[in-house]
Asks: 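One structure, pasted below without further comment.
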Number of protein chains: 2
Amino acid sequence: MSAPRVPDGYDPSAFTPFAVTVDLAVFTVRHGRLHVLLVERGLEPYRGAWALPGGFVLPRESAGQAARRELAEETGLSERTAGALHLEQLRTYSDPDRDPRMRVVSVAYAALVPDLPEPRGGGDAALARWTDLSRVLRPGTPGPSGSTAPPADGLVPLAFDHGDILADAYDRIGAKLEYSCLATAFCPPEFTLAELRQVYETVWGVELDGPNFRRKVLATPGFVQAVDGPPRRTGAPGKPAALYRAGAATTLHPPLLRPEGRTA
Amino acid sequence: MSAPRVPDGYDPSAFTPFAVTVDLAVFTVRHGRLHVLLVERGLEPYRGAWALPGGFVLPRESAGQAARRELAEETGLSERTAGALHLEQLRTYSDPDRDPRMRVVSVAYAALVPDLPEPRGGGDAALARWTDLSRVLRPGTPGPSGSTAPPADGLVPLAFDHGDILADAYDRIGAKLEYSCLATAFCPPEFTLAELRQVYETVWGVELDGPNFRRKVLATPGFVQAVDGPPRRTGAPGKPAALYRAGAATTLHPPLLRPEGRTA
DNA sequence: ACAATAGTGTCTATCAGACATTATCAG
DNA sequence: CTGATAATGTCTGATAGACACTATTGT
């Protein structure tokens, strides 16, 4: 609760001080594979290990504002551009021992961005790299496994409990694709239905039927919006595809369920 | 992030100290209506106003542990009994001005409990009351409205941003009923399908067709599990109903969508 | 011409919703 | 018997998935 509702006589200022940070799981689709933005740690502990980008919440900031600021810093984008990206609070991690130095609770956010150039911002962003998710996470990972991720097989281990956070984030966006218009956040402002379909296929790791996907998407009012301009594009063989923009809708009714009921 | 990944030379101990609390939105179904557990504040600010139960996270506790401890205290149940109740992290509220006295971030949890006796625990629980949700929240509330809830029409205003938290919690459980087995958490250990159906009807505010509901629930493996004992119950007229227990499944595939696509 | 991709049309098994029917209780 | 509730069965319109087919491009 905001105000400690405590028995009268209790000292309301006797609270335990915590540090509060935000951690970001920034996803994008590159070359048909899901990637996540990671930074290399320059300080102990976990020096040299990979971690999710993030940082402290400042004295006059909400966690959401801190997350958006960090997102702009780490991607090297302007605050204005980063402000348009999809950012969503995931959950908060508060295990007393998640940071060996002090008591830190971290509010995790998931961000979805279209395919961006390699991060080349100043300062922190210089250490940031897009990493293929399969190098960090096994697709079949049960998600919120026990505590800090164990050094699994060929995977790159992440600092702190960031492996757990990343697994949770991956689960969440996979589930949200089913009942929200979120997939458009992975696409550039104008996109083809094939590109949109590939977002689903990449995140879910399945193949979808083109015609059926088209029918479903176009039947959902407000999901996408046709661009009337010249209906062509790309220099590849095949019939040119029509372009669409993200529509006004935010949720899908009914949902676009992934094949084989695996929500786990 | 857990560890501040900051430029070398920055002092990692120069973090802003926050107080961290948990707030609980505890729901139950009483007399066919959705109720929420509220406490009356005995201290300023918002003295005498109603608020969600909650309290500080202790030095060696996770937020989840704190939420479970508070749940036990406020409901007057034993830690053991409360440990079996459904408790789920909602999101974290961190507006810098959400508490006028100091910087407090609060991790909100939603708890679902079967119909319990009026809370009569010691201390804090003495101030707790089950309150009909319609006295606090308009069903058509857009949920995460702007900032702290304005003094709406005939509604009881809540302290701090607890009106927003409660609206978010209500949205969440309504949505979760669609794709999870959560509804059984509102029921006693053994329940009839009519009781389970009434949970959906109460939370969604709709009427469902009995036979179709039955068909759908029984067709979902692991949702409910028949109790082989005497298939009777209650002293009311009508054919006695068979009893069921919650099954092993946790998610529903495919989901049980509420009528009239209103997820908003 | 051929391969490749976009888009249209069709068929079918399945499912949700509506509702009739039967079974079993209390009074 | 009457009213109420549980449980079963039936029908129908909508939908998802599979897939054939046409249209338009690059090579």
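Letters A, B, ... are given to chains in the order of the sequence lines, protein chains preceding strands, and every chain is numbered from 1.
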Asks: When the distance from CD of A/Glu207 to P of D/dA16 is rounded to whole Å, what number comes out?
Replies: 20 Å
Asks: Looking only at side-chain atoms of A/Ala242, point me to the closest of C/dG7, D/dG17, C/dC25.
Replies: C/dG7
Asks: Are OP1 or OP2 of C/dC15 and a side-chain N or O of B/Lys216 less than 4.0 angstrom apart?
Replies: no
Asks: Would you check if the distance from the ring center of B/Phe213 to the ring center of B/Tyr200 is below 6.0 Å?
Replies: yes
Asks: Are B/Ser134 and B/Arg33 close enough that a side-chain donor and a side-chain acceptor fall under 3.5 Å?
Replies: yes
Asks: Answer yes or no: are there more than 12 heavy-atom neighbours, outside B/Arg135 itself, under 6.0 Å from its atom CZ?
Replies: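 Not buried by this count: 12 neighbours or fewer within 6.0 Å.
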Asks: Can you tell me how far P of C/dT5 sits from CD of A/Gln198, to the nearest Å?
Replies: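 The answer, rounded to whole Å, is 11 Å.
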Asks: Looking only at the side chain of A/Pro237 (C-beta and beyond, no hydrogens), which of the listed nucleotides C/dT24, C/dA16, D/dT25 gets closest?
Replies: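 From the listed options, D/dT25 comes nearest.
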Asks: Return whichever of B/Gly210 or A/Pro255 has its heavy-atom-nearest nucleotide of DNA chain D closer to the 5' end.
Replies: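 Of the two residues, B/Gly210 wins.
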Asks: Touch check for B/Ala194, heavy atoms < 4.0 angstrom, all strands: base, sugar-phosphate only, or nothing?
Replies: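 Here B/Ala194 touches the backbone only, sparing every base.
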Asks: With respect to the side chain of A/Arg197, which nucleotide from D/dA6, C/dA6, D/dA20 is positioned closest?
Replies: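 For A/Arg197, the side-chain atoms sit closest to C/dA6.
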Asks: Which whole-number value in Å describes the distance from B/Leu218 CG to C/dC15 C1'?
Replies: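 Distance, rounded to whole Å: 16 Å.
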Asks: Separation of B/Leu243 atom CG from D/dA6 atom P, in whole Å?
Replies: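 Atom CG in B/Leu243 sits about 12 Å away from atom P in D/dA6.
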Asks: Can you tell me if A/Arg214 touches the phosphate of C/dA6, counting only side-chain N or O atoms and a distance under 4.0 Å to OP1 or OP2?
Replies: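 The answer is no; no side-chain N or O of A/Arg214 sits under 4.0 Å from OP1 or OP2.
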Asks: Tell me whether the side-chain N/O atoms of B/Lys239 come closer than 4.0 Å to OP1 or OP2 in D/dA4.
Replies: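 It does not, given that no N or O in the side chain of B/Lys239 lies less than 4.0 Å from OP1 or OP2 of D/dA4.
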Asks: In this structure, how many angstroms lie between the C1' atom of C/dA6 and the CZ atom of A/Phe213, rounded?
Replies: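 Roughly 14 Å, once rounded to whole Å.
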Asks: Look at the side chain of A/Arg215 and the base of C/dG9, then say whether one donor and one acceptor between them are separated by less than 3.5 Å.
Replies: no
Asks: Of A/Gly238 and B/Asp209, whose nearest nucleotide on DNA chain C comes first from the 5' end?
Replies: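 Its nearest nucleotide lies further toward 5', so the answer is A/Gly238.
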Asks: Does the plane of the ring in B/Tyr170 sit parallel, tilted or perpendicular to the ring in B/Phe27? Use 30° and 60° as the thresholds.
Replies: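 Answer is tilted, since the angle falls between 30° and 60°.
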Asks: Among C/dC25, D/dT24, D/dT8, which nucleotide sits nearest the side chain of B/Pro240?
Replies: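 Within the option list, the nearest is C/dC25.
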Asks: Distance check, rounded to the nearest 0.5 Å: B/Leu52 atom CG versus B/Leu166 atom CG?
Replies: 6.0 Å
Asks: Quickly work out the B/Asn212 CG to C/dG17 P distance and round it to whole Å.
Replies: 7 Å
Asks: What is the distance from OH of A/Tyr200 to P of D/dA16, rounded to the nearest Å?
Replies: 13 Å
